[in-house]
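Each chain gets a letter, A, B and so on, in the order its sequence line appears, and its residues count up from 1. It should be emphasised that the depicted structure is a prediction, and the values quoted were computed from it without experimental measurement.
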There are 2 protein chains.
Amino acid sequence: MPRVLVVDDDSELRATIKEVMESEGLITDSAENAEKGLMLLKDNIYDIVLLDVIMPKMNGIDAIPLFLNTQAKSKIIIMTAYSTVDTAVEAMKKGAADYLTKPFKINELMITIMRILEEQKFKDCAEELDIDCALSTMANPIRRQIIHLIDQNKTLRFMEITRALGISDHTKVNFHLKVLKESDYIIQNSEKIYRITDKGDKILSCLSVIEQNLSS
Amino acid sequence: MPRVLVVDDDSELRATIKEVMESEGLITDSAENAEKGLMLLKDNIYDIVLLDVIMPKMNGIDAIPLFLNTQAKSKIIIMTAYSTVDTAVEAMKKGAADYLTKPFKINELMITIMRILEEQKFKDCAEELDIDCALSTMANPIRRQIIHLIDQNKTLRFMEITRALGISDHTKVNFHLKVLKESDYIIQNSEKIYRITDKGDKILSCLSVIEQNLSS
DNA sequence: GATTTCTGTGAACTGGAGTTCACAAGAGTG
DNA sequence: CACTCTTGTGAACTCCAGTTCACAGAAATC
């Protein structure tokens with residue numbers, strides 16, 4: 001059940017948004033300024049933060065990094081009456097997920113929120129699949145050996161890898177290379193030399209961290 | 001085939017050690033001072049570094065951290081004629097694997113080196129088993145869900161976990177909990193409440209790093 | 001051009017992780 | 001004390017990752 005935080009100094013707007021959000025099944029808290037919003041964020045997990053710009057003490061644009069530092073996975077939607085291209089760009093640069101100009105129809109806000117939640121759910125699924133793939137693929141010791149080998153020697157072709165591994169059945173190595181290729185961790189150039197991809201580099205970073213974590 | 005680096009200003013000792021090492025099958029390089037030793041270390045991987053203490057410019061004890069920063073997996077054996085408790089303690093604190101007092105029998109040095117190489121091989125095996133266990137265990141999505149769940153809720157017992165996962169067959173959950181227990185990632189207290197162990201915390205760190213790495 | 005090496009594909013098999021179902025003892029509850 | 005819930009164990013089964021073996025086309029080498 002998604003949670004929403006409304007940060008706005010207009011108490012009437014806060015009440016209206018809260019009412020509509022909760023009628024749609026979104027648990028909604030609110031704060032009248034950024035400081036109070038940050039305090040709420042410290043103790044609760046919010047999927048969405050609706051953030052006004054013009055507020056006493058700290059304006060919403062400046063608050064974006066503070067909100068994201070506190071809770072990186074929150075999606076921030078900026079709401080402002082004084083919309084300019086400059087502030088929109090600045091907000092997006094600082095990490096806002098979207099930007100709405102007051103006054104807006106509450107329906108429009110709902111649609112934006114639902115879209116963002118849906119996108120995030122999709123992204124979470126894709127991410128979980130990546131993690132699943134990474135762990136499953138690298139759980140095999142032969143594939144770990146292969147990826148370390150290719151990382152250390154940037155000129156190896158198929159049979160050279162097979163010999164370096166000391167594996168007599170080349171079709172066994174072929175199978176594991178195929179798995180690594182299909183996961184986009186390694187690639188072959190036109191001379192059939194194997195290289196680590198960017199994704200493969202990330203996997204190697206992960207393996208390195210795992211190794212360090214477990215050896216202490 | 002293990003590689004050894006001898007760093008000593010006594011050229012005769014360097015030659016003697018090199019000769020004996022290589023007759024035992026250890027590829028051996030040498031340097032007359034720590035600077036030259038560090039240069040060799042930058043371009044080569046050494047399993048063992050034999051390091052004198054009294055040397056011009058930089059003494060061996062001060063050089064230990066520089067050597068280990070350049071190549072963390074090298075094992076440093078300090079060789080000194082002026083042995084004191086203080087320098088021995090200092091060397092070990094700075095990361096030396098062992099400490100020999102000159103003059104020593106070359107046989108004693110060989111025994112020390114072989115022991116260290118054997119210990120490291122054993123440690124590497126244990127570490128690789130830990131990595132294998134971690135990746136295999138966490139490759140399963142149900143077990144990932146379980147460990148995140150226990151991390152977030154520190155009061156759950158068996159059937160509560162089963163219900164939270166939405167799994168109808170409790171023996172399925174029982175199976176996965178057993179696997180996590182056997183890997184020492186979770187533990188149950190006397191009230192049957194599940195907790196994450198220190199090792200489990202490390203696994204969660206690894207998963208977090210993997211997640212961050214793959215989502216960018 | 002014959003032979004060797006490289007780099008595949010494919011099918012049958014194997015082993016074991018994971019699932020499912022049966023069953024049950026102990027603890028808690030009414 | 002009867003019933004419900006919790007927490008198991010165990011066996012049979014399923015599914016699939018991984019292995020092994022057979023085979024073969026293309027490229028390189030002699």
Asks: Base, sugar-phosphate or nothing for B:T171? Non-hydrogen atoms, less than 4.0 Å.
Replies: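 The residue B:T171 makes base contact.
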
Asks: Kindly indicate whether the side chain of B:H148, heavy atoms from C-beta on, has any atom under 4.5 Å from the side chain of B:L204.
Replies: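 Counting from C-beta outward, B:H148 and B:L204 do come under 4.5 Å.
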
Asks: Just to confirm, is there a sub-4.0 Å distance from OP1 or OP2 of C:dT5 to any side-chain nitrogen or oxygen of A:H170?
Replies: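 So the side chain of A:H170 is outside the cut-off, no N or O lying under 4.0 Å from OP1 or OP2 of C:dT5.
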
Asks: Take the protein atom CD of A:E182 and the nucleotide atom P of C:dG8, then report the distance between them rounded to whole Å.
Replies: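 Roughly 13 Å, once rounded to whole Å.
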
Asks: Look at the side-chain N and O atoms of B:Q188 and state whether any lies under 4.0 Å from the OP1 or OP2 oxygen of D:dT6.
Replies: no

Asks: Should B:T171 and B:D169 be marked as a side chain to side chain donor-acceptor pair (under 3.5 Å) after you check the CA-CA gap, both sets of side-chain angles, and the distance that decides it?
Replies: CA-CA 5 Å; B:T171 64; B:D169 191 335; 2.5 Å; yes

Asks: Heavy atoms from C-beta onward define the side chain here; which of C:dT7, D:dT19, D:dT7 lies closest to that of B:F158?
Replies: D:dT7

Asks: How long is the line joining CE of A:M159 and C1' of D:dA27, in whole Å?
Replies: 14 Å

Asks: Hey, mind stepping through B:D29 and B:Y46 against side chain to side chain donor-acceptor pair (under 3.5 Å) and telling me if it holds?
Replies: CA-CA 9 Å; B:D29 292 331; B:Y46 294 101; 2.4 Å; yes

Asks: Can you check the B:I167 CD1 to D:dG8 C1' distance for me, whole Å?
Replies: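 The distance from CD1 of B:I167 to C1' of D:dG8 comes to 17 Å, rounded to the nearest Å.
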
Asks: Let me know, please, whether B:K172 or A:R163 comes out on the 5' side of the other along DNA chain C by nearest nucleotide.
Replies: A:R163

Asks: Can you see if the side chain of A:R157 gets near the phosphate of D:dA28 - specifically, an N or O under 4.0 Å from OP1 or OP2?
Replies: no

Asks: Specify the separation, in whole Å, of atom CD1 of B:I142 and atom P of C:dT20.
Replies: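 Spelled out: CD1 on B:I142 to P on C:dT20 is 9 Å.
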
Asks: State, with a plain yes or no, whether a side-chain heavy atom of A:I64 is found less than 4.5 Å away from one of A:I78.
Replies: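 Of all side-chain heavy-atom pairs linking A:I78 with A:I64, at least one is under 4.5 Å.
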
Asks: Figure out the CG/C1' separation between A:D132 and C:dG18, and round it to whole Å.
Replies: 14 Å

Asks: For B:R143 and B:M138, indicate whether the former's side chain and the latter's backbone hold a donor-acceptor pair under 3.5 Å.
Replies: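 No; zero donor-acceptor contacts below 3.5 Å.
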
Asks: Could you state the atom-to-atom distance from CD1 of B:I186 to P of D:dT7 in whole Å?
Replies: 13 Å

Asks: Give a yes/no answer on whether the side chain of A:K192 brings an N or O atom under 4.0 Å of OP1 or OP2 in C:dT7.
Replies: no

Asks: Please determine if a side-chain N or O atom of A:R143 lies less than 4.0 Å away from the OP1 or OP2 oxygen of D:dG18.
Replies: yes

Asks: Answer yes or no: does a side-chain N or O of A:N140 lie under 4.0 Å from OP1 or OP2 of D:dA17?
Replies: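 Checking D:dA17 against A:N140, no side-chain N or O comes under 4.0 Å of OP1 or OP2.
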
Asks: Whole angstroms only, please: what is the CD1-P distance between B:I161 and D:dT7?
Replies: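 Going from B:I161 (CD1) to D:dT7 (P), I get 9 Å.
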
Asks: In whole angstrom, give the distance that lies between atom CG of A:L177 and atom C1' of C:dC6.
Replies: 13 Å

